[in-house]
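Reading through the structure tokens given below for one structure.
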Amino acid sequence: MKTRLKFLIVCPAARPFRMTVRRRRPSLRMRVFRFSMLTPLAVAAAAPDFVDCRIIDESVEPVDLDSDADVVGLSFMTFNAPRAYELARAFKQRGKTVILGGYHPSLMPEEAIRHGDAVCIGDADANLPPMMEDFRRGSLRRFYRQTCDRFGGRRVNRALLREREYLTPAVVQATRGCRFGCEFCSIAAFSRRHFQTRPVAEVLEEIRALPGRCFLFMDDNLVADPEYARELFEGLVPMQRRWFAQVGVHVTRDAVFLDLMRRSGCRGVFVGFESLSQASLDGAAKSFNRAEVYAEAIRRFHDRGIAVMGAIVLGFDQDSLQTLERTAQFLREAGLDALQLTLLTPLPGTPLFARLSAEGRIFDCDWEHYDLGHLVFRPARLLAGQLTATHAGLLRDFYSWPAILRRLRCQWRYLAPREMGLSLLVGLGYRFKLRRTGLWEGTQSRAARASNAIPAGRAAPSY
Ligand code: B12
């Protein structure tokens with residue numbers, strides 16, 4: 001039995017974002033969207049003491065297929081699954097043991113196991129130690145699905161990443177999971193609606209040790225437990241840091257809480273507005289979002305110098321032409337500082353995937369198209385072409401030069417120059433990403449273009 005094991009953790013990247021031997025030097029534009037990856041750091045942190053970890057993020061460096069690792073761990077979401085399976089095959093051909101983890105393998109374990117030796121279903125914290133022990137003993141099982149009843153005690157070693165390659169190296173997670181059950185959401189499916197918090201003192205200690213003044217919370221909704229969030233923010237006030245996080249829109253109901261957020265260093269939030277149509281929100285089991293308060297919510301953030309990036313989804317069954325028009329109007333008038341506009345995507349493992357599959361409406365199961373920018377199912381009330389053209393058109397309008405300049409002129413009134421710079425950087429990053437993925441031109445997958453002609457229940461490619 002080996003006393004020490006070498007564990008190579010690989011984060012595969014889809015083609016447009018991949019670093020190959022020929023394309024080695026990352027440009028500034030490539031870095032704009034790349035903030036440090038907490039996922040592989042957290043996996044490495046879960047490894048037992050007898051394991052030496054190395055991380056390769058394929059968007060930063062080419063994958064070393066001839067590595068001398070004993071075990072290769074692939075971490076991927078749905079969109080990266082085809083590339084992960086390609087790498088798994090290459091590693092297995094070289095005699096390596098391959099373990100798979102992350103959102104996609106956790107939600108599609110039976111598919112994933114066909115490409116590797118073992119699948120971690122859920123978090124690495126509880127599963128990686130037994131996986132490594134079993135591998136050492138020569139008795140690796142196919143599936144590991146233990147859940148962790150406590151979140152904490154993890155110490156990440158940031159030196160494992162090439163920090164210079166990322167725009168923001170400092171990322172932290174204070175809570176994980178989500179209690180809600182929105183129909184389209186992978187996070188609810190992955191966490192099985194469990195929500196956990198890390199001890200506040202531990203989070204603050206980690207933040208204290210971070211480089212620079214600015215950092216990002218990787219939580220799904222940092223304010224999901226207001227009492228916990230209040231304690232965390234109070235602890236952050238004296239630290240004089242600047243931070244960004246994803247939060248629910250409901251947080252704007254409480255002015256005192258918002259003031260505390262600002263004082264604790266909050267300078268930007270990512271908010272899942274999801275839809276301008278209340279019927280669509282209700283249909284997706286996200287009734288707790290009220291579309292009529294969005295504009296006021298943005299104003300309340302801005303009043304406190306907090307920038308807002310909004311996430312909006314198009315293509316819900318209740319969406320009509322009127323919804324598209326209302327969305328366009330909102331984007332022109334509401335004053336968002338950045339936008340993530342996506343097409344509804346039935347991510348595997350979600351209730352939405354199950355429903356649309358049962359209705360025979362999913363026509364494209366090429367996981368590479370599950371980047372939220374391709375249409376992969378037949379919409380209920382809109383034509384596929386209407387939906388994809390509006391999606392691309394609204395993104396082009398929002399990130400056009402005149403719109404970016406207009407935003408900068410308005411932001412002068414409520415944002416500090418640093419946050420304005422950041423908003424500009426996000427704008428540039430989005431322009432670059434949209435061009436690279438073909439969305440700027442509205443290039444879609446062949447399947448999406450032909451979607452109106454595709455009969456229900458068409459067979460999916462098998463992985
Ligand atoms: C940061 C982030 C990104 C970053 C970096 C991704 C990364 N790999 O770190 C960026 C901005 C690049 C990104 C992009 C996208 N993302 Co993203 N992203 C996230 C986010 C917000 C946080 C990820 C994170 O750091 N989590 C914290 C870590 C600690 O948790 P974890 O990743 O789950 O890892 C744990 C387990 O999964 C497990 N595990 C993971 N890997 C492995 C590997 C092994 C071997 C083992 C044993 C265990 C294991 O152990 C870990 C520790 O416990 C999540 C939402 C979320 N809360 O997770 C979405 C999320 C992962 N993203 C998602 C999506 C869809 C995307 C995009 C495809 C589309 C988009 N527009 O957002 C793009 C892809 C573009 C691209 N270029 O790759 C979806 C994935 C859904 C799915 N089923 O695939 C999520 C869940 C968001 C959502 N709302 O649905 N994303």
Side-chain angles (χ1 to χ4, degrees), residues 7-18 30 32-47 53 55 57-59 71-81 83-84 98-108 112 116 118-132 144 148 151 154 156 161 166-168 171-178 182 184-191 216-222 245-246 270 272 274 311 313 340-343 345-350 353 367-374 429-430 433 436-437 439:
F7 181 33
L8 175 66
I9 304 164
V10 178
C11 301
R15 214 164 294 123
F17 306 99
R18 194 176 303 160
M30 279 288 277
V32 164
F33 263 114
R34 207 189 277 146
F35 38 85
S36 177
M37 310 267 272
L38 187 58
T39 303
L41 291 176
V43 174
C53 298
I55 293 174
D57 169 3
E58 206 188 2
S59 68
V71 184
V72 176
L74 289 164
S75 169
F76 54 101
M77 47 182 121
T78 301
F79 162 67
N80 288 327
R83 176 58 178 164
V98 174
I99 65 175
L100 309 165
Y103 269 80
H104 192 73
S106 296
L107 295 168
M108 298 291 279
V119 176
C120 166
I121 301 169
D123 285 297
D125 309 37
N127 292 302
L128 193 60
M131 281 176 126
M132 288 295 172
Y144 290 78
C148 224
F151 178 30
R154 163 207 289 173
V156 298
L161 279 180
Y166 301 91
L167 194 71
T168 44
V171 290
V172 179
Q173 195 183 22
T175 68
R176 69 179 171 197
C178 181
C182 304
F184 55 86
C185 183
S186 280
I187 294 164
F190 178 89
S191 66
L216 250 97
F217 279 109
M218 282 292 126
D219 304 50
D220 302 314
N221 179 4
L222 185 63
Q246 180 167 345
F270 179 94
E274 319 302 4
V313 182
Q340 186 191 68
L341 184 71
T342 55
L343 290 171
T345 303
L347 290 163
T350 60
F353 185 87
W367 299 142
E368 250 187 62
H369 295 153
Y370 282 58
D371 60 354
L372 319 188
H374 287 83
Y430 251 96
K433 181 181 158 184
R436 208 160 235 224
T437 52
L439 249 180

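Keep in mind it's a predicted model, so treat the numbers as computed, not measured. Whatever order the structure lists them in is the order used to number ligands and atoms, beginning at 1.
- Taking any N or O of Asp219, backbone or side chain, none lies under 3.5 Å from an N or O belonging to ligand 1.
- Near Ala42, meaning under 4.0 Å from any of its heavy atoms, are these atoms of ligand 1: 29 (C), 52 (C).
- Contact detail for Phe353 and Leu347: the closest heavy-atom pair is CB-O, 3.3 Å.
- At least one heavy atom of Val43 sits under 4.0 Å from some atom of ligand 1.
- Nearest residue to atom 25 (O) of ligand 1 from Leu347, Asp220, Thr39, Thr342 is Thr39 (criterion: closest heavy atom).
- Looking at ligand 1, you won't find any N or O of Gln173 less than 3.5 Å from one of its N or O atoms.
- His104 does not count as a contact of ligand 1, since none of its heavy atoms falls under 4.0 Å from the ligand.
- Residue contact annotation: Gln246 has no non-hydrogen atom under 4.0 Å from ligand 1.
- Taking all atoms of both residues into account, the shortest heavy-atom contact from Cys178 to Ser191 is N-OG, 3.4 Å.
- Between the side chain of Asp123 and the backbone N or O of Asp125, no donor-acceptor pair lies under 3.5 Å.
- For ligand 1, the polar-atom distance check against Ala124 finds a nitrogen or oxygen pair separated by under 3.5 Å.
- For Leu41, the closest heavy-atom approach to ligand 1 does not fall below 4.0 Å.
- Within ligand 1, the atoms closer than 4.0 Å to a non-hydrogen atom of Asp371 are 69 (C), numbered from 1 in the order shown.
- Residue-to-ligand polar distances place Ser186 within reach of ligand 1: an N/O pair is separated by less than 3.5 Å.
- Residue Ala174 comes nearest to Leu222 through the heavy atom pair CB-CD1, 4.1 Å, listed as atom of the first residue, atom of the second, then distance.
- By the 4.0 Å heavy-atom criterion, Tyr144 is excluded from the residues contacting ligand 1.
- Salt bridge present: Glu58 and Arg83 bring a charged side-chain N and a carboxylate O closer than 4.0 Å.
- Residue Asp125 has at least one heavy-atom neighbour below 4.0 Å for each of these atoms of ligand 1: 52 (C), 53 (O).
- Listed by number with element, the atoms of ligand 1 under 4.0 Å from a non-hydrogen atom of Phe79 are 68 (C), 74 (C), 75 (C), 76 (C), 78 (O).
- By heavy-atom distance, the residue among Pro105, Ala126, Gly101, Ala118 lying nearest atom 42 (C) of ligand 1 is Gly101.
- Distances from atom 62 (N) of ligand 1 to the heavy atoms of Arg176, Met77, Met108 put Met77 nearest.
- Those atoms of ligand 1 with a heavy atom of Leu38 less than 4.0 angstrom away are 25 (O).
- Considering only heavy atoms from C-beta on, Gln173 stays 4.5 Å or farther from Thr175 through its side chain.
- Looking at residues two or more places apart in sequence or on another chain, you find no side chain to side chain donor-acceptor pair (under 3.5 Å) involving Ser106.
- Residues Trp367 and Pro348 meet the side-chain proximity criterion, which asks for heavy atoms closer than 4.5 Å.
- If you look at Phe190 next to ligand 1, the close heavy atoms, those under 4.0 Å, all belong to the side chain.
- Listed by number with element, the atoms of ligand 1 under 4.0 angstrom from any heavy atom of Thr78 are 82 (C), 83 (N), 84 (O).
- Summarising the geometry of Phe217 relative to Ala245, their closest heavy-atom pair is CB-CB, 3.7 Å, with the distance given to 0.1 Å.
- Looking at Cys120 against ligand 1, only its side chain comes within 4.0 Å, counting heavy atoms.
- Of the options Ala47, Ala13, Gly73, the smallest heavy-atom separation from atom 45 (C) of ligand 1 is shown by Gly73.
- Using a 4.0 Å cut-off between charged nitrogen and carboxylate oxygen, Arg176 and Asp219 do not count as a salt-bridge pair.
- Residues Phe7 and Ile99 have side chains in contact (heavy-atom distance under 4.5 Å, counting atoms from C-beta outward).
- The shortest side-chain heavy-atom distance between Thr345 and Tyr370 falls under the 4.5 Å cut-off.
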Let me check something: any side-chain donor-acceptor pairs from residues 74-81 under 3.5 Å, sequence neighbours excluded? List them with distances.
| unit_1 | atom_1 | unit_2 | atom_2 | d |
| --- | --- | --- | --- | --- |
| Thr78 | OG1 | His104 | ND1 | 2.9 |
| Asn80 | OD1 | Ala14 | N | 3.3 |
| Asn80 | ND2 | Pro12 | O | 3.4 |

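- Only side-chain heavy atoms of Gln340 come within less than 4.0 Å of ligand 1; its backbone N, CA, C and O stay farther off.
- Note on ligand 1: Gly122 sits in its first shell, one or more heavy atoms being nearer than 4.0 Å.
- Distances between N or O atoms of Ser75 and those of ligand 1 include at least one value under 3.5 Å.
- The shortest distance between side-chain heavy atoms of Leu343 and Val313 does not fall below 4.5 Å.
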